[in-house]
Amino acid sequence: MPELPEVETTRRGIAPIMTDRRLDAFLVHEPRMRWPVPSDMSATLGGRVVRSCKRRGKYLLIEFDHGTQIIHLGMSGSLRRAPLDEPRRKHDHAEWLFADARFLLHDPRRFGAILWHPAEAGPVSEHPLLAKLGVEPLSDDFTGELLHGAFAGRQMAVKQALLAGNIVVGVGNIYASEALFKAGIDPRLPAGRLSGRRCMLLAQAIRETLEQALESGGSTLRDYVTASGEPGAYFTLHAAVYEKAGQPCIRCDTPIRRIVQGQRATYFCPRCQKR
DNA sequence: CTTTAACCCTGGAGGC
DNA sequence: TGCCTCCAGGGTTAAA
């Protein structure tokens, strides 16, 4: 499941190759994604020059002079570089063709999205999908104070508040459990009950968890941008609690618990993570 | 306003 | 071997 580190690694993989290059063709092989891929996107993009490859939360933003292509990898998506002559595989839904490079969007479950935001509609940050997103967790704006302020008065469990995306972006189901374990916080705790100090610890834990994943991703970059790796080869996760139900906690040997919050699995150590 | 739940989809796992 | 059921996940949307 691509979370922020995987998306950022993908961005770093495609940016040096796409930026300032002319996109000879953009091909849509399967328009049925999260939302239909606009039928005129090939015409919109063919022959245009990529100006930059950015990221906001888990959205990839490929910017052109006349607008921005918004890409989301959903939960099973990957963007990989492929040799020019390699046959497409099942679930390769879209294709970017440059003179000497080619990229394929592979997404078996089609939870991903490819959208277009024309420049005349204003800054892409005002797109409905991006407008209400929270702060970037790896930016200087992401602090314990910010978390504390955003959590104030919220009854929602802290785990779900982290996942909601309106406070902080890019923290998915895996890293939410991992960061809460690292910070020693019970995922069921109402967000508004967290002290300023614990919010500071949590912000730090989130940053460390994501940065650590990002570092390990750097070495597997080639899985995203060359033809060698299988599509969807995500980072090897060195999880402390995620999918470890019943196994002994690495800190105290207490069996890790699995609960469901908002239809999603949460893993935590009932002893290390306090109320 | 906040919070909850359904939904989109496919592949893999487990039961029989 | 095959068929059926269940589950995973991000994030939008509708409903409570």
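Order of the sequence lines sets the chain letters (A, B, ...), proteins ahead of strands, with each chain counted from 1.
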Return the value, rounded to whole Å, for the distance between atom [atom1] of [X] and atom [atom2] of [N].
X: Met33(A); N: dG9(C); atom1: CE; atom2: P; answer: 20 Å
X: Arg109(A); N: dT10(B); atom1: CZ; atom2: P; answer: 10 Å
X: Phe111(A); N: dC7(C); atom1: CZ; atom2: P; answer: 15 Å
X: Glu6(A); N: dG9(C); atom1: CD; atom2: P; answer: 14 Å
X: Glu30(A); N: dT10(B); atom1: CD; atom2: P; answer: 9 Å
X: Asp107(A); N: dG9(C); atom1: CG; atom2: P; answer: 16 Å
X: His91(A); N: dG12(B); atom1: NE2; atom2: P; answer: 9 Å
X: Leu115(A); N: dG11(C); atom1: CG; atom2: C1'; answer: 13 Å

### Contact list for residues 111-134 of chain A, test side-chain hydrogen bond (donor to acceptor under 3.5 Å, both in side chains), sequence neighbours left out
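Every pair satisfying side-chain hydrogen bond (donor to acceptor under 3.5 Å, both in side chains) with a residue in residues 111-134 of chain A: there are none.
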
Kindly write out the residues that satisfy salt bridge (charged side-chain N to carboxylate O under 4.0 Å, His left out) with [X], not counting sequence neighbours, or none if the list is empty.
X: Arg188(A); answer: Asp186(A)
X: Lys274(A); answer: none
X: Glu30(A); answer: Arg32(A)
X: Lys244(A); answer: none

### Message
Holding to side-chain hydrogen bond (donor to acceptor under 3.5 Å, both in side chains), I want the full list of residues that pass it with Glu136(A), two or more places apart in sequence or in another chain.
### Response
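Once residues adjacent in sequence are excluded, the partners of Glu136(A) under the side-chain hydrogen bond (donor to acceptor under 3.5 Å, both in side chains) criterion are Arg55(A), Arg56(A).
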
### Message
Using a heavy-atom cut-off of 4.0 Å across all strands, would you classify Lys132(A) as base, sugar-phosphate, or nothing?
### Response
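Nothing, no heavy atom under 4.0 Å.
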
### Task
Give Gly172(A) one of three labels, base, sugar-phosphate or nothing, depending on what nucleic acid heavy atoms sit under 4.0 Å from its own.
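Sugar-phosphate contact only - Gly172(A) comes under 4.0 Å of backbone atoms but never of a base.
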
### Axis-to-axis angle between the two ends of the helix from dT2(B)-dA16(C) to dC16(B)-dG2(C) (five base pairs per end, rounded to 10 degrees)
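What I find for the helix from dT2(B)-dA16(C) to dC16(B)-dG2(C) is an axis angle of 50°.
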
Could you list the protein-to-nucleotides 3-5 of chain B atom pairs, N/O on both sides, closer than 3.5 Å?
from   : atom 1 : to        : atom 2 : distance (Å)
dT3(B) : OP1    : Gln155(A) : N      : 2.7
dT3(B) : OP1    : Met156(A) : N      : 3.3

Under the side-chain contact (heavy atoms from CB on, under 4.5 Å) rule, collect the residues that match up with [X], sequence neighbours excluded.
X: Ala161(A); result: Phe151(A), Met156(A), Ile167(A), Ala191(A)
X: Pro248(A); result: Asp253(A)
X: Leu97(A); result: Ala25(A), Leu27(A), Glu95(A), Arg102(A)

### Query
Between CZ of Arg198(A) and CG of Leu147(A), what distance do you get to the nearest 0.5 Å?
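Output value for this atom pair is 13.0 Å.
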
### Message
Distance check, rounded to the nearest 0.5 Å: Ile174(A) atom CD1 versus Tyr267(A) atom OH?
### Response
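Reported to 0.5 Å precision, the distance equals 9.5 Å.
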
Give each protein N/O atom lying under 3.5 Å from an N/O atom of nucleotides 12-16 of chain C, with the pair distance.
from    : atom 1 : to       : atom 2 : distance (Å)
dT12(C) : OP1    : Tyr59(A) : OH     : 2.5
dT12(C) : O4'    : Arg34(A) : NH2    : 2.9

